[in-house]
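In each ligand, atom 1 is the first atom listed, and ligand 1 is the first ligand listed.
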Amino acid sequence: MQKQQLLYKGKAKTVYETDEPDYLILHFRDDTSAFNGERVEQLGRKGQVNNRFNAFIMQKLAEAGIETHFERQLSDDEVLVKRLTMIPVECVVRNFAAGSLVRRLGLEEGMPLTPPTFELFYKDDGLGDPMVNESLSISLGWATQEQLDTMREITFKVNDVLKGLFDEGGLMLVDFKLEFGVFQDRIVLGDEFSPDGCRIWDKETKKKLDKDRFRQSLGDVIESYEEVARRIGVPLA
Ligand code: ADP
Ligand code: UDP
């Protein structure tokens, strides 16, 4: 598969076309951003850690019967994926309260959410990824009701699979974000699953081991990503 024209440079990944119209190459960079791109830093090894982490998780999800865009890892920091028509809505599941939910409703961080919640955010950095709902997503033409139903169903299935995986590593999956797209009329999981887009805490100490270490300037960001990777069995170099 030949890498061709640069299609899009995002905050953390660069997207390239390939010689096959249905496939793209995602290059995971070391750039780490927070607050909708207001703060950006280069963190050594992040690109390769997230690429390996994502490849491992996508394969676990495929084994559980979830269709993803993942085809194969091409190098330390590149992956070959199916080219999706992305739906500009982020799907967030929360098992425990944290982040924007705590800020918005004044909840205690770590409060269990039973059953887990499901939220939608419009993917738009300029607007700060505002919260939206199904009605808006349909009326604004981002997705159909049927597509939203499928996205919600897959997101909860991902939660069930990954909660178990992290639990075995002594970790809590607090919340996470997924992005979906359409491939040949089917809803397919796209983008990435890595500590950049989820919250993971140590079960005993509640130590944060995800991107909150960067957002909150807690230090040892990539070391924490690597610890999570080791504890769930991701093969690191
Ligand atoms: P952002 O756009 O939020 O800055 P990234 O730096 O991660 O994010 O850039 C990756 C971009 O590629 C995102 O916009 C994401 O929606 C898009 N993307 C991810 N997977 C696919 C795919 N399989 N097909 C097409 N686009 C994808
Ligand atoms: N998230 C993400 N990208 C975004 C917004 C959120 O990956 O643009 C993830 C975030 O890492 C967390 C979950 O989605 O795991 C919920 O994020 P939240 O709404 O609490 O917002 P935040 O506190 O990150 O602003």
Among all protein heavy atoms, pick the one closest to [atom] and tell me residue, atom and distance.
atom	value
atom 8 (O) of ligand 2	Asp129 OD2, 2.8 Å
atom 14 (O) of ligand 1	Tyr8 CE2, 3.5 Å
atom 2 (C) of ligand 2	Lys177 CE, 3.5 Å
atom 20 (O) of ligand 2	Ser100 N, 2.8 Å
atom 10 (C) of ligand 2	Arg215 NH2, 3.6 Å
atom 22 (P) of ligand 2	Arg199 NH2, 3.6 Å
atom 7 (O) of ligand 1	Lys13 NZ, 2.5 Å
atom 12 (O) of ligand 1	Val15 CG2, 3.5 Å
atom 12 (C) of ligand 2	Asp175 OD1, 3.2 Å
atom 5 (C) of ligand 2	Glu90 OE1, 3.6 Å
atom 4 (O) of ligand 1	Lys11 N, 2.6 Å

Decide, yes or no, whether a salt bridge links [X] with [Y] under the criterion of side-chain N to carboxylate O below 4.0 Å.
X	Y	result
Asp76	Arg52	yes
Arg45	Glu226	yes
Asp167	Lys203	yes
Asp196	Lys46	yes
Glu20	Arg83	no
Arg231	Glu227	yes
Arg215	Asp212	yes
Asp175	Arg199	yes

(request) Answer yes or no: is there a donor N or O on one side and an acceptor on the other, between the side chain of Asp210 and the main chain of Ile200, under 3.5 Å? (result) yes
Which of the numbered atoms in ligand 2 are under 4.0 angstrom from any heavy atom belonging to [X]?
X	result
Arg94	16 (C), 18 (P), 19 (O), 20 (O)
Cys198	11 (O), 15 (O)
Gly99	20 (O), 23 (O)
Arg103	22 (P), 23 (O), 25 (O)
Val92	14 (O), 16 (C)

[atom1]/[X]: more than 12 non-hydrogen atoms of other groups inside 6.0 Å:
X	atom1	value
Lys60	NZ	no
Glu204	CD	no
Arg72	CZ	no
Gln2	CD	no

(request) Using heavy-atom distances, let me know which of Lys123, Met86, Glu192 sits nearest atom 21 (C) of ligand 1. (result) Met86
Within a distance under 4.0 Å of any heavy atom of [X], pick out the atoms of ligand 1 and give their elements.
X	value
Glu179	15 (C), 16 (O)
Val81	23 (N)
Leu24	24 (N), 25 (C)

(message) If we check side-chain hydrogen bond (donor to acceptor under 3.5 Å, both in side chains) with Arg29, which of these qualifies: Asp77, Thr14, Asn50?
(response) Thr14
Using heavy atoms and a threshold below 4.0 Å, how should the contact between [X] and ligand 1 be classified: side chain, backbone, both, or neither?
X	value
Asp191	both
His69	side chain
Leu84	both

(request) Determine, using heavy atoms of Lys9 and all atoms of ligand 1, whether some pair is separated by less than 4.0 Å. (result) no
(request) For ligand 2, indicate whether the residue Asp196 contacts it via side chain, backbone, both or neither (heavy-atom separation under 4.0 Å). (result) backbone
(request) Could you check Lys208, Arg103, Lys206 and say which one makes a salt bridge (Lys or Arg N to Asp or Glu O under 4.0 Å) with Glu109? (result) Lys208
(message) So for Asp212, does at least one of its heavy atoms come nearer than 4.0 angstrom to any atom of ligand 2?
(response) no
